[in-house]
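So you know, we letter chains A, B, ... as the sequences are listed, proteins then strands, and number each from 1.
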Amino acid sequence: MEDLYSGYQPLLFSIAYRMLGSVSDAEDIVHDVYLQISEKTIEQVENKKAYLCKMVTNRCIDFFKSARYKREVYIGPWLPEPLILKDHDPISEVMNQEAISFAFLLLLEKLNPIERAVFVLRQVLRYDYKKISQIVDRSEPNCRKIFSRVNNQFPLKEETEGKPEPKNKEMIQAFVSALYQGNIQKLEELLGKEVTLYSDGGGNVYAALKPIISKDLVTRFILNIMKQNHHADEPAVVKMVNVNGECGLLVKGMDNILTVISFHVKNDQIADIYIVRNPEKLKHVSLESY
DNA sequence: GTTCAAGTGACCTCCGTTTA
DNA sequence: TAAACGGAGGTCACTTGAAC
């Protein structure tokens with residue numbers, strides 16, 4: 001059972017996280033699945049990997065149906081829980097191979113649970129339709145059609161192809177230094193014309209209740225935050241980290257993680273900024289590691 | 001050349017909403 | 001309340017491309 005857990009846990013977590021956009025819920029589901037299966041049961045199963053994927057996917061579908069209601073009453077923009085990836089972590093190795101960006105997870109959010117499962121299994125994990133049909137309990141042609149329709153409906157494919165370019169890292173470094181210097185001209189160069197800033201406080205902490213759109217408004221918003229931080233008794237520390245496979249920022253206070261920021265870069269400019277401030281979504285980020 | 005998996009257009013069915 | 005309508009989701013059949 002231990003080998004089974006260490007062998008498949010990263011893969012199962014990667015499926016659950018993409019389906020739900022929540023680190024803690026994904027961990028719970030994977031853990032529950034391992035608690036539910038007994039050694040006897042699993043030994044009788046021919047394809048253990050497909051069996052475990054099916055269990056996790058079905059759990060996610062059930063969970064998502066109930067979570068959907070919660071999100072409908074969510075205060076402000078909903079963002080996924082950030083996943084801070086480190087080198088040599090088994091989960092990082094699985095995640096870095098596949099799409100996991102905030103932009104991708106937010107697009108997935110628009111799909112129904114079955115569409116999500118089919119898309120993740122096919123586009124991200126490259127499963128064949130036979131396996132997918134067994135996992136989601138739909139016919140093979142139906143799975144092909146679901147995938148085809150999702151592809152036509154949403155521009156998800158580009159989000160799953162390629163890894164974050166090193167250029168992004170330089171861009172985020174330039175962004176941070178422009179912030180500290182208060183260099184408005186440089187900030188405006190880095191931001192796309194229609195840049196959108198999403199701020200998720202979940203009603204627990206201060207955050208913008210609506211997405212902020214346009215270069216001018218976003219620049220003013222972030223400079224204002226920097227000004228407040230500068231005048232604080234204990235200014236926060238900003239650190240560059242790997243957030244969901246892309247270069248991002250972690251803002252550390254005296255005794256807790258205050259904010260995690262992720263960026264979506266398009267055509268050499270920052271197209272979207274995702275700011276997670278909801279403490280509920282930062283609980284899993286360990287302060288000691290940073 | 002054959003086989004097979006994948007992708008997609010055309011068509012059908014079902015179900016929720018609208019309207020008389 | 002029942003018929004009409006539209007959209008979502010499913011099946012069938014065909015084309016395409018890769019592997020052998």
Side-chain angles (χ1 to χ4, degrees), chain A residues 4 7-8 10-22 25-26 29 33 42 44-74 77-80 93-165 196 198 210-211 244-245 264 266-267 271-272:
Chain A
L4 198 70
Y8 293 121
L11 169 70
L12 299 177
F13 174 81
S14 79
I15 294 173
Y17 177 64
R18 284 190 180 86
M19 291 279 293
L20 305 170
S22 162
D25 293 333
I29 280 183
V33 163
I42 199 71
Q44 289 163 2
V45 176
E46 201 177 315
N47 189 340
K48 294 178 178 57
K49 188 177 171 183
Y51 178 77
L52 291 168
C53 288
K54 182 175 182 164
M55 284 185 80
V56 167
T57 305
N58 286 332
R59 289 262 178 148
C60 289
I61 290 169
D62 292 343
F63 182 90
F64 182 72
K65 286 174 187 166
S66 61
R68 167 68 71 187
Y69 172 72
K70 285 181 206 165
R71 280 178 204 168
E72 276 172 1
V73 293
Y74 198 83
W78 179 90
L79 291 175
E93 281 169 25
V94 176
M95 290 299 194
N96 270 328
Q97 290 164 16
E98 308 136 9
I100 196 74
S101 68
F102 268 45
F104 177 72
L105 293 176
L106 282 175
L107 283 169
L108 277 185
E109 180 66 13
K110 293 176 183 169
L111 307 179
N112 71 37
I114 296 290
E115 287 172 336
R116 252 189 232 215
V118 170
F119 192 83
V120 168
L121 294 169
R122 177 67 200 150
Q123 180 68 26
V124 183
L125 302 179
R126 309 283 174 189
Y127 277 30
D128 60 34
Y129 285 109
K130 195 177 176 186
K131 264 189 203 162
I132 296 172
S133 71
Q134 287 164 357
I135 291 171
V136 300
D137 277 330
R138 300 288 164 107
S139 68
E140 277 185 57
N142 189 12
C143 291
R144 283 202 294 271
K145 194 70 207 168
I146 290 169
F147 182 70
S148 169
R149 280 175 180 148
V150 169
N151 261 338
N152 290 333
Q153 207 181 342
F154 298 106
L156 285 163
K157 237 176 180 171
E158 62 188 63
E159 301 295 341
T160 65
E161 284 162 4
K163 288 188 180 179
E165 298 167 29
T196 306
Y198 302 87
K210 286 182 182 173
N244 290 53
H264 180 216
K266 206 174 175 182
N267 300 330
D272 298 297

Quick check against the 3.5 Å criterion: does A:Arg138 have a side-chain atom that pairs as donor or acceptor with the backbone of A:Ser133?
no
Gap between atom SG of A:Cys60 and atom CG of A:Asp25 - 0.5 Å precision:
9.0 Å
Nearest-Å distance, CZ (A:Arg122) to P (B:dA5)?
12 Å
A:Leu111 CG to C:dG9 C1': how many Å, rounded?
14 Å
Length of the CZ-P vector between A:Phe119 and B:dG7, whole Å
11 Å
For A:Asp137, what residues pass the side-chain hydrogen bond (donor to acceptor under 3.5 Å, both in side chains) criterion, not counting sequence neighbours?
A:Lys54
Are the side chain of A:Glu115 and the backbone N or O of A:Asn112 linked by a donor-acceptor pair below 3.5 Å?
yes
Donor-acceptor pair, distance only, cut-off 3.5 Å: does the side chain of A:Arg116 make one with the backbone of A:Met19?
yes
Counting distance alone, no hydrogens or angles: does the base of C:dG10 have a donor or acceptor under 3.5 Å from a partner atom on the side chain of A:Arg149?
yes
Tell me whether the OP1 or OP2 atom of C:dC12 has a side-chain N or O from A:Arg144 closer than 4.0 Å.
no
Can you measure A:Ile146 atom CD1 to B:dA6 atom C1' for me and round it to whole angstrom units?
15 Å
Rounding to a whole Å, what distance do you find between A:Lys145:NZ and C:dA13:P?
15 Å
Strictly below 4.0 Å: does A:Ser148 bring a side-chain N or O up to OP1 or OP2 of B:dT8?
yes
Strand-adjacent residues in residues 128-139 of chain A, judged by heavy atoms under 4.0 Å from DNA chain C
A:Arg138, A:Ser139
Quick one: A:Tyr127 OH to B:dA6 P, roughly how many Å, whole number?
14 Å
So is A:Arg122 actually on top of A:Tyr127's ring, under 6.0 Å and inside 45° of the axis?
no
Find the distance A:Phe147:CZ to C:dT11:C1' and express it as a whole number of Å.
19 Å
Quick one: A:Asn151 CG to B:dG7 C1', roughly how many Å, whole number?
10 Å
Would you say the side-chain atoms of A:Thr57 pair up with the backbone N or O of A:Cys53, donor to acceptor, closer than 3.5 Å?
yes
C:dG9 OP1/OP2 closer than 4.0 Å to side-chain N/O of A:Asn112:
yes
